[in-house]
Amino acid sequence: MKCRFLSTMILMACAVSTLQICAVTNTVQEIYHQKNNDKNCLEIAHIVLFFARDPQGITLEPRHKVLAHGMHKLTFIFDNTHAVREILNKVNPSKGDGYTIQFDAQNKNLMLVITYDPKKVEVSYGDYTTLDMKKGYIIRFFDHTMLSKISNKESYILQTAASEIYQSMSLDKLLV
């Protein structure tokens, strides 16, 4: 009887500690929004979010939404994540050539809404790790016109470069 009671208590303690670990929130420690002013550069801008822990539970809702005037909308939801208002205010809201960025805190989640013109901008996103192992998430904005021109060039080097960019934006990440 004592052995059964003890094993039940150990099992309950493990379950509670697992729930506590799962419920731990993540924190956005830094946000960088870098714009490229060089009109001859393929990457227009990027935004990088750095977290206290590995970013988990990132969802897109909906994956692809078309708004009025042909604009597209992406909504990233970072589950169980928060950020200090001062960090968000550094980049909130931001505008670039063909896109806007807006952060919002909703319940226990951080929401990032990106609105962009697919005739001007192509968007890719994914996990990001720095050389000193900081965990992050990056969203890149590419010049649609320049990317199209490069991929249609007769130069094999330029075609290869453009195809590598398109491949890095796999079908589930390429939002045209």
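In this text, all values refer to a predicted model and were calculated from it rather than measured experimentally.
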Smallest separation among heavy atoms of [X] and [Y], with atom names:
X    : Y    : value
N36  : C41  : ND2-SG, 2.7 Å
P118 : G70  : CD-O, 3.2 Å
I114 : I139 : CD1-CG2, 3.7 Å
A45  : H33  : CB-NE2, 4.2 Å
R85  : A105 : NH2-CB, 4.2 Å

Practice problem: Check which hydrophobic residues are tied to Y128 through side-chain heavy-atom contacts below 4.5 Å, counting indirect links as well, and list them. | Solution: Y32, V48, F50, I138
State the [atom1]-[atom2] distance between [X] and [Y], to the nearest 0.5 angstrom.
X    : Y    : atom1 : atom2 : answer
F103 : L110 : CZ    : CG    : 6.0 Å
R53  : K135 : CZ    : NZ    : 12.5 Å
T27  : N80  : OG1   : CG    : 10.0 Å
D143 : E43  : CG    : CD    : 11.5 Å
K73  : Q102 : NZ    : CD    : 10.5 Å
Q34  : I44  : CD    : CD1   : 13.5 Å

Self-check item: Same apolar cluster (I L V M F W Y, side chains within < 4.5 Å links), L67/V123
Solution: no
Quiz item: With hydrophobic residues grouped by side-chain heavy-atom distances under 4.5 Å, do M71 and Y99 end up in a single group?
Solution: no
Can you find a pair of side-chain heavy atoms, one from [X] and one from [Y], that are under 4.5 Å apart?
X    : Y    : value
K90  : L88  : no
T75  : M111 : yes
T81  : T25  : no
F142 : V121 : no
T115 : H72  : no
I47  : I101 : yes

Self-check item: NZ/K134: more than 12 non-hydrogen atoms of other groups inside 6.0 Å
Solution: yes
Practice problem: Evaluate whether atom NZ of K119 has more than 12 neighbouring non-hydrogen atoms of other residues, nucleotides or ligands under 6.0 angstrom away. | Solution: no
Quiz item: Angle class for the F76/Y125 ring planes (parallel below 30°, perpendicular above 60°, tilted otherwise)?
Solution: perpendicular
Exercise. Would you check, one step at a time, whether the test side-chain contact (heavy atoms from CB on, under 4.5 Å) holds for H144 with E122?
Key: CA-CA 6 Å; H144 173 76; E122 293 196 30; 2.6 Å; yes
Self-check item: I31, L112, L49 screened by side-chain contact (heavy atoms from CB on, under 4.5 Å) with V91, the one that passes
Solution: I31
